[in-house]
*Asks:* 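Here it is, the structure in full.
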Amino acid sequence: MTNSAAVLADAAAYAAAVEEASVAAAAYYDTGESGLDDDAYDRLARGIAAYEAEHPEEVLAASPTGKVAGGAAVGDVPHTVPMLSLDNVFSAEQFATWTASLERRIGRPVTAWSVEPKLDGLAVAARYRDGRFERLITRGDGTAGEDVSHAAGAVVGLPERLAEPVTIEVRGEILMTNDQFERGNAIRTEHGGAPFANPRNGAAGTLRAKDRAYRVETTFFAYGALPLPDSGELGETLAELPHSEVLAYVAGLGVHTAAGTDVAPVLAATVEEVQARVDAIGSLRAALPFGIDGIVIKADLAADQREAGSGTRAPRWAIAYKLPAVEKITRLVSVEWNVGRTGIIAPRAVLEPVEIDGSTVGFATLHNPADITRRDLRLGDQVMVYKAGDIIPRIEAPVVHLRTGDETPIDFPESCPQCGSAIDTSEQRWRCTRGRNCRLVASVSYAAGRDQLDIEGLGATRVVQLVDAGLVADFADLFTLEREQLLALDRMGETSTDNLLAAIETARTRPLSRVFCALGVRGTGRSMSRRIARYFATMDRIVAADVETLQRVDGIGKEKAAAVVAELVELAPLIDKLVAAGVTMTEPGATPPPEPGTEEEAAAAGADAEAGGNGGDGPTLPLAGMTVVVTGAMSGALEKLSRNQMNELIERAGGKSSSSVSKRTSLLVAGDKAGSKRTKAEDLGIRIAAPEEFAELIGAFLAAGEDG
Ligand code: IVH
């Protein structure tokens, strides 16, 4: 967590810092664009506050510490009640200190805390009269804001009419979800506009824009409501309701709230419970479809809030628990083009290294050439980089107003950077026209890998030898290798040859799930391959499946289904070769699904939906409907199993394996040295079993699977 402050040595440095902060704040609230990222701004603001604490007589009127965050007054619609900001804490200790002082102030423990996401957008007030939308106002300087009603039609979550004819002001945050940001920037650049640097800037810019030739959506999340002068009885009701019930009431009126997201507001009774939820939200952050920059904790009861009261800048009954900044501005130095195992040519951004949330980021993903064009990226650009948790860092967009004019276009390759062949540019993702053959060594090595055919003794060097000798043109050729051919190779004695041939013989008997995985169909890793193999039971059925049928497999949507079907067409000759070589094409223990269009099929489809789509399996499976995560070192009967084998076991026993703990996890198998996943499961109240306990639970399946 970045918690440092800029050190300001004297009055001149202080004045310069105030000036810099004011300019950044004004730009930020005006156009949503500032040359400072959050971290840099916070550091500056903390330096200013530290200087002011030492030199209270020198405080400048323009200091960002003195006013409601938001700085420059924009707009002329007065707020009925000021739109306040929040004070911040950055650690568990600071939070505990804050709660203690609040409880001292009200003279009793706070009855309940509401713990909710701090949505990273901009604050607005939406007024409804008799249930009809009337006006949308920005926060402005907190006492008056700008009328942005013209934009309300493109804000998801703010209905034109409420479910009841009430007069009420709903307050909340407008932001862009990650999808809305991607779509929004694509539309903007198509229309010749400059992309927004990040979703928050996008939301700010979109809200204030008038007469755009295109429509860009944003999303509203309500976090509070208050009566308007002619709200009638509703006024008294709202004043007495706990905050959590106000949110539920607003949601009942049809306004969008964070309820229903993974970080929905929850009530906590103690500081420890609050902290557990803060930690849980922190670890869910990276996977959320929208940005949060912290957690807001509020005293839930109206009486507690009333007695705590508010200062001029912020209420005393609520606090923002800031999460570390996950965005930084850095320079795009170059773009590398790498060819993947399947021949896909993927760009990768090389960045001037920058520290984000405790790790140094030097690269970021760029998905495809269109992604570069859509973002209007140029070499030398200052770019906004996002990195949270263990996700791969990504470039959100260039910070266009920091351009100097020296930026240069990004060159796209004209031939395959791996082998020089032509590039197939007909799809969004470019591909070497030689496809998998372009990276033959990589695809054969992958097929031979531990989680696929697990051919011991067939490392990359040996694969190179086989390919160079012309013995292997795809991995099916492994199954027809002859002893003499191997013996003729360098460093292949009798023993290594016989061992390799024996390993290949074993590979011939691997279950369908592993053979299918070995094909390396894009988007189907180990776990998806197992699901597909278990659902269809035979390779024939997989190959015969159309887009619609494939979608019956848990986790396969329309797009993925279409991609898999297309790839299987391409892989048909290889599959035929594997069949001819006598490689296993069935999944032990899996029952094939009924023929489409029959009554059995209709009944099974219904039952599948309930059992989590584990096609064909009866209800006797011990893990049916459960999502299981494994962490730490396995012991007892499970000691020798790799993570992949554990996952295979879970799925054979009817469960779904997953690598990350979320509220959807049903069970965590935690061995020795289990770390953050265990803590997270504890926080979320998820059942935890030791490996021995788990082995007992799935007993029969363990025995059945021991032959691998
Ligand atoms: S409550 C009087 N709840 O954070 C209480 N604010 O840094 C005022 N924000 O001005 C706000 N998520 O724009 C509240 N769940 C949430 C929030 C939230 C984001 C924003 C809001 C506020 C700013 C303060």
Side-chain angles (χ1 to χ4, degrees), residues 25 28-29 32 38 41-42 45 64-65 67-71 74 79-90 98 102 113-126 136-143 145 148 157 169-177 199-200 203-204 207 218-226 238-239 242-244 246-248 250-251 255-268 274 277-278 281 285 288 290-300 302 304-306 308-323 325:
Y28 175 77
Y29 284 96
D38 281 4
Y41 183 83
D42 277 354
T65 56
K67 34 182 171 173
V68 174
V74 263
H79 290 298
T80 48
V81 174
M83 288 189 81
L84 298 182
S85 187
L86 291 169
D87 287 328
N88 296 327
V89 293
F90 294 88
W98 176 78
L102 171 57
W113 301 102
S114 172
V115 191
E116 45 197 84
K118 184 168 184 321
L119 303 148
D120 196 5
L122 61 154
V124 293
L136 184 64
I137 310 153
T138 65
R139 180 172 61 182
D141 69 353
T143 57
V148 288
E169 177 169 304
V170 182
R171 289 184 174 182
E173 202 85 350
I174 287 187
L175 51 72
M176 274 185 173
T177 63
R200 194 190 40 228
L207 209 53
T218 56
T219 301
F220 177 76
F221 285 82
Y223 54 63
L226 57 159
L238 282 180
H243 168 72
S244 52
V246 172
L247 285 188
V250 167
V255 178
H256 186 234
T257 67
T261 69
D262 280 357
V263 289
V266 299
L267 287 180
V274 171
R277 182 63 182 165
V278 165
I281 292 180
R285 180 190 201 181
L288 290 176
F290 50 84
I292 63 170
D293 59 342
I295 294 98
V296 181
I297 301 130
K298 303 172 180 170
D300 193 48
D304 286 352
Q305 292 190 1
R306 219 174 8 247
S310 291
T312 51
R313 202 191 85 93
R316 293 195 197 89
W317 44 265
I319 195 88
Y321 194 133
K322 295 283 285 232
L323 289 172

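First listed ligand is number 1; within each ligand, the first listed atom is number 1. No experiment lies behind these values; they were computed from the predicted model shown.
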*Asks:* In chain order, what residues pass the side chain to side chain contact (heavy atoms under 4.5 Å, CB included) check against I295, with sequence neighbours excluded?
*Replies:* V115, V278, I281, I297, Y321, L323
*Asks:* Does any non-hydrogen side-chain atom of I319 lie less than 4.5 Å from one of L102?
*Replies:* no
*Asks:* Whether the side chain of R171 engages the backbone of V124 through a donor-acceptor N/O pair (distance < 3.5 Å, no angle test) should be reported.
*Replies:* no
*Asks:* Students should find this: residues with any non-hydrogen atom under 4.0 Å from ligand 1. What is the answer?
*Replies:* L84, S85, L86, E116, P117, K118, L119, A123, R139, E173, Y223, V296, K298, P315
*Asks:* So, do K322 and D293 sit near enough that their side-chain heavy atoms are less than 4.5 Å apart?
*Replies:* yes
*Asks:* List for me each residue that meets ring-ring contact (aromatic ring centres under 6.0 Å, His included) alongside W317, sequence neighbours excluded, and say none if there are none.
*Replies:* none
*Asks:* Under the ring-ring contact (aromatic ring centres under 6.0 Å, His included) test, which residues partner F290, sequence neighbours left out?
*Replies:* F221
